[in-house]
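Have a look at the structure below before the remarks.
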Amino acid sequence: MKKSVQPMVDISVRRQELTVRLGRKKLARYPVSTSRFGLGEEKGSFKTPSGRFEISDKIGEGASPETVFKSRRPVKVTQKMLREDDLVMGRILWLEGREEKNANTHSRYIYIHGTNHEDEIGTATSHGCVRMRRADVVELFDQVPMGTTVVIRP
């Protein structure tokens, strides 16, 4: 019986890039934005954790890419929020750490998510999460199942 190959997500902080792979084949590549504070696992550090993770929750299926989430629930957005806040938009792929060093990732609320700061994608400007363009995170959300392995490396 042949085992089916699952997709995996590879995030390069140096390149600010997320790649979806199926075995050795690259299925998709997207620019991202990781933390402006660098890599780290400390609670309250606003750093992007590194190592191996899995997607533990997928939130926002069927929602508009313009949907804004607060505490993982859709909220009514205002123009002031769009201008001033760092918003979680479109979809949420919530990460669970798979190593001792990053075991607190889920409780730190580290996500792959869409943003209202799409002009900053490609540079390290987030507060710990992995930001994507809204259209890209919707596409990624549809490509990867729950439990997908995610690797974040320097």
Side-chain angles (χ1 to χ4, degrees), residues 7-21 28-61 63-141 143-154:
M8 68 92 56
V9 173
D10 178 50
I11 299 170
S12 167
V13 171
R14 182 180 57 80
R15 290 196 321 260
Q16 294 293 300
E17 186 175 82
L18 180 153
T19 305
V20 181
R21 299 177 190 279
R29 188 178 294 172
Y30 305 101
V32 297
S33 178
T34 60
S35 176
R36 76 176 88 186
F37 304 104
L39 290 172
E41 290 71 36
E42 307 83 25
K43 186 175 176 75
S45 68
F46 299 109
K47 294 179 178 179
T48 299
S50 64
R52 292 183 72 78
F53 307 85
E54 76 174 37
I55 296 171
S56 64
D57 301 271
K58 291 176 65 175
I59 301 164
E61 184 168 6
S64 162
E66 302 304 313
T67 301
V68 173
F69 296 91
K70 292 266 187 185
S71 300
R72 295 157 309 284
R73 299 203 188 298
V75 296
K76 185 173 170 59
V77 66
T78 66
Q79 287 304 311
K80 184 178 183 214
M81 285 170 63
L82 284 172
R83 277 192 316 274
E84 298 175 9
D85 293 350
D86 179 22
L87 302 176
V88 174
M89 298 183 72
R91 300 287 185 277
I92 298 171
L93 299 163
W94 198 349
L95 300 180
E96 176 87 38
R98 286 292 163 233
E99 300 171 9
E100 189 175 333
K101 72 175 185 173
N102 63 25
N104 67 349
T105 299
H106 197 265
S107 65
R108 287 182 61 208
Y109 303 101
I110 300 294
Y111 315 137
I112 299 171
H113 67 81
T115 182
N116 56 317
H117 297 292
E118 291 190 344
D119 57 317
E120 297 175 351
I121 297 297
T123 60
T125 58
S126 84
H127 298 106
C129 288
V130 177
R131 293 182 190 164
M132 297 180 73
R133 293 183 187 123
R134 294 180 298 277
D136 291 349
V137 78
V138 168
E139 194 174 289
L140 176 66
F141 187 96
Q143 288 180 69
V144 296
M146 295 263 293
T148 295
T149 296
V150 176
V151 176
I152 300 176
R153 55 190 173 77

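The first residue of the sequence shown is numbered 1, and numbering continues consecutively from there. Because only heavy atoms are used, hydrogens play no part in the values below, and waters and symmetry mates are left out as well, while side chains stay in. Everything quoted here is computed from the prediction, not taken from an experiment.
Under the rule for a salt bridge (Lys or Arg N to Asp or Glu O under 4.0 Å), the partners of Glu66 that lie at least two apart in sequence or sit in another chain are Arg134. Residues satisfying the side chain to side chain contact (heavy atoms under 4.5 Å, CB included) test with Pro154, not counting sequence neighbours, are Leu39. For the side chain to side chain contact (heavy atoms under 4.5 Å, CB included) test, no residue two or more places apart in sequence or in another chain qualifies with Lys76. Glu54 meets the salt bridge (Lys or Arg N to Asp or Glu O under 4.0 Å) test with Arg98; sequence neighbours excluded. Legend: residues meeting side chain to side chain contact (heavy atoms under 4.5 Å, CB included) with Thr125, ordered by chain and number and at least two apart, are Ser33, Glu120, Thr123, Arg131. Applying the salt bridge (Lys or Arg N to Asp or Glu O under 4.0 Å) rule to Arg15 yields the partners Glu17; only residues at least two apart in sequence or on another chain are considered. Annotation: salt bridge (Lys or Arg N to Asp or Glu O under 4.0 Å) contacts of Lys80 (sequence neighbours excluded): Glu84. By the side chain to side chain contact (heavy atoms under 4.5 Å, CB included) test, Asp85 pairs with Lys70, Met81, Leu87, sequence neighbours left out. By the side-chain hydrogen bond (donor to acceptor under 3.5 Å, both in side chains) test, Thr105 is found to be paired with no residue, residues two or more places apart in sequence or in another chain being considered.
The line from CD1 of Ile11 to CD1 of Ile152 is 4.5 Å long, rounded to the nearest 0.5 Å. With rounding to the nearest 0.5 angstrom, the CG atom of Leu140 is 5.0 Å from the CE atom of Met132. The distance from the CZ atom of Arg91 to the CD1 atom of Ile112 is 14.0 Å, given to the nearest 0.5 Å. Here the CD atom belonging to Gln16 is positioned 8.0 Å from the OG atom belonging to Ser126, to the nearest 0.5 angstrom. Here Arg133 contributes atom CZ and Asp119 contributes atom CG; the two are 10.5 Å apart, rounded to the nearest 0.5 Å. Here the CD atom belonging to Glu118 is positioned 8.0 Å from the CE atom belonging to Met89, to the nearest 0.5 angstrom.
A donor-acceptor pair under 3.5 Å is absent between the side-chain atoms of Ser71 and the main chain of Arg73, judged by distance alone.
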Using the side chain to side chain contact (heavy atoms under 4.5 Å, CB included) rule, take Ile110 and Thr48 through it: C-alpha gap first, then chi angles, then the decisive distance, then the call.
-> CA-CA 8 Å; Ile110 300 294; Thr48 299; 5.6 Å; no
Criterion side chain to side chain contact (heavy atoms under 4.5 Å, CB included) on Val151 and Val9, from CA distance to verdict | CA-CA 6 Å; Val151 176; Val9 173; over 6 Å; no
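Contact detail for Pro49 and Asn102: the closest heavy-atom pair is CB-CB, 4.5 Å. Between Ser35 and Gly128, the closest heavy-atom pair is CB-N, 3.7 Å. Summarising the geometry of Val32 relative to Ile121, their closest heavy-atom pair is N-CG2, 3.8 Å, with the distance given to 0.1 Å.
Between Ser12 and Thr19 there is no side-chain heavy-atom pair separated by less than 4.5 Å. In this structure the side chain of Ser50 reaches within 4.5 angstrom of the side chain of Lys101, judged on heavy atoms.
Pairs of residues two or more places apart, or lying in two chains, never qualify as ring pair (Phe, Tyr, Trp, His ring centres under 6.0 Å) while including a residue from residues 65-86. Counting only residues at least two apart or on different chains, no ring pair (Phe, Tyr, Trp, His ring centres under 6.0 Å) pair has a member in residues 28-58. Residue pairs meeting the ring pair (Phe, Tyr, Trp, His ring centres under 6.0 Å) criterion with at least one member in residues 72-104, sequence neighbours excluded: Trp94-His106, Trp94-Tyr109, Trp94-Tyr111.
When each of Ile55, Ile59, Leu93, Ile92 is paired with Phe141, the side-chain contact (heavy atoms from CB on, under 4.5 Å) condition holds for Leu93 and for no other.
The number of heavy-atom neighbours closer than 6.0 Å to CD of Gln79, taken from other residues, nucleotides and ligands shown, is 12 or below.
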